[in-house]
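Step one of this worksheet: look at the structure below.
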Amino acid sequence: MKKVTLMAALMIGGSAFSQNLKISEVNISSGTGTLGQQNGSLANFQQLAPSSSILTKDFSQFKPYNDFYFHGPGQMNASQSSFYSLQLGLQCAKMPKVTFRAGITHISNVGALSSQGSYSETAAYDTLTSSQTGAITVIDTSHIKNYNMNYSNQQIRLDGAMIFRMFPENRWSLHAGLGASIGMSYQATTEINYFEYSTASQNGTGSGSNIQENERFKNKNSLGASLYIPMGVDFGIGKKRSFWMPFHLYMEARPSLNINSINEIGTTFSPGMSTALGLRIKI
């Protein structure tokens, strides 16, 4: 599949540059979406962080779940990644109805692989009997344990697309096409967090204690790629004033097939969906 993705990107670029081209526009866009996030296992993270002391604990009674509840400072939901793109729009004289977009995309691939689990236990810890009244008081205890593990990276990709427009002469227009991106990651890291909270209560009042452990490991860089279908609507800001007429705002939905390679684990393929907001400046 890597070869297919690379071939698609080369075909888009090669088809464009083999003709007489001129730069017709500049595209700046950003967005969020699912770009190949996967639910991992404890075994996966033992491969990513073999020196972890947290992973030496017994997690056999923990129940895995899919909601990533822990958010550190500046951290988004683990199922979401963000991206920023700068692309040139290229026009071919022999294909006037097609715009070739070519440029660079930066991706913050949060939660490329994640795993979470919890365990809780409540029991009677002790009983106290009053020597005066004979009343029995039960001291309850509870133990709650949680773990979450997350592998993430940053990616720089070459990004190209063929765009076909409907009603390009109107202020509102539609477009669709085919795109591909491929690149390498950097700052690949694994974060492992463990929480343990214990309470003892008597007649509705009590005390508690907690333990928190956090680990962070650096991983090898790897490949990332996508095949996607950009589908969007475009709005021309200016209608009468010449200064504003080259400026267009657009919104795109991008269903995609994502390829994520993690050196320590292997390559995964997954569907995804992202949305983007962009500014298109006609030259």
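One-based numbering along the sequence shown.
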Q: Evaluate side chain to side chain donor-acceptor pair (under 3.5 Å) for Ser108 paired with Gln154, printing each intermediate quantity in order.
A: CA-CA 5 Å; Ser108 295; Gln154 306 291 313; 2.9 Å; yes
Q) Is the backbone N or O of Leu277 less than 3.5 Å from a side-chain atom of Glu252, with the two atoms forming a donor-acceptor pair by type? A) no
(Q) Using only atom types and a distance under 3.5 Å, with no angle test, would you say the side chain of Asn39 pairs donor to acceptor with the backbone of Leu113? (A) no
Q: Please find out if less than 6.0 Å separates the ring center of Phe62 from that of Tyr147.
A: yes
(Q) For a quick test of reading the model, state the closest non-hydrogen atom pair linking Phe83 to Thr105 and the distance between them. (A) CB-CG2, 4.1 Å
(Q) For a 4.5 angstrom cut-off between non-hydrogen side-chain atoms, does Glu191 reach Asn214? (A) no
Q. Does any N or O in the side chain of Ser185 come within less than 3.5 Å of the main-chain N or O of Ala188, such that one atom is a donor and the other an acceptor?
A. no
Q. Ignoring hydrogens and geometry, is there a side-chain-to-backbone donor-acceptor pair from Ser52 to Ile54 under 3.5 Å?
A. yes
(Q) I want to check something: taking the side chain as every heavy atom from C-beta on, are His175 and Met231 in contact at a cut-off of under 4.5 Å? (A) no
Q: Would you confirm whether Asn219, through its side chain, and Glu264, through its main-chain N or O, come within 3.5 Å as a donor-acceptor pair?
A: no
(Q) With a 4.0 Å cut-off on N to O distance, would you call Glu196 and Lys57 a salt bridge? (A) no
**Q.** Between Ser60 and Asp58: side-chain donor-acceptor atoms closer than 3.5 Å
**A.** yes
Q. Ile262 and Ser222: which non-hydrogen atoms are nearest, and at how many Å?
A. CA-OG, 4.1 Å
Q. Are the side chain of Glu215 and the backbone of Ser53 linked by a donor-acceptor contact shorter than 3.5 Å?
A. yes
Q. Is there any salt bridge (Lys or Arg N to Asp or Glu O under 4.0 Å) pair reaching into residues 157-171, and which pairs are they, with sequence neighbours excluded?
A. Glu25-Arg165
Q.
Checking side-chain polar atoms at under 3.5 Å, does Asn109 have a donor or acceptor matched by the opposite partner on Ser81?
A. yes
(Q) For the residue pair Asn44 / Ser41, report whether a side-chain donor-acceptor contact shorter than 3.5 Å exists. (A) yes
**Q.** Exceeds 12 heavy-atom contacts within 6.0 angstrom, atom CD1 of Ile283
**A.** yes
Q.
For a quick check under 3.5 Å, do Gln155 and Asn153 share a side-chain donor-acceptor pair by atom type?
A. yes
Q. So, does Gln91 use its side chain to make a donor-acceptor pair with the main chain of Gly89 at under 3.5 Å?
A. no
Q: Could you tell me whether the side chain of Gln46 reaches within less than 4.5 Å of the side chain of Leu48, counting heavy atoms only?
A: no
Q.
I'd like to know if the side chain of Asn260 reaches the main chain of Phe269, judged simply by a donor and an acceptor atom lying under 3.5 Å from each other, with no hydrogens or angles considered.
A. no
Q: Provide the closest heavy-atom pair for Gly177 versus Ile229 in the form atom of the first, atom of the second, distance.
A: O-CG2, 3.3 Å
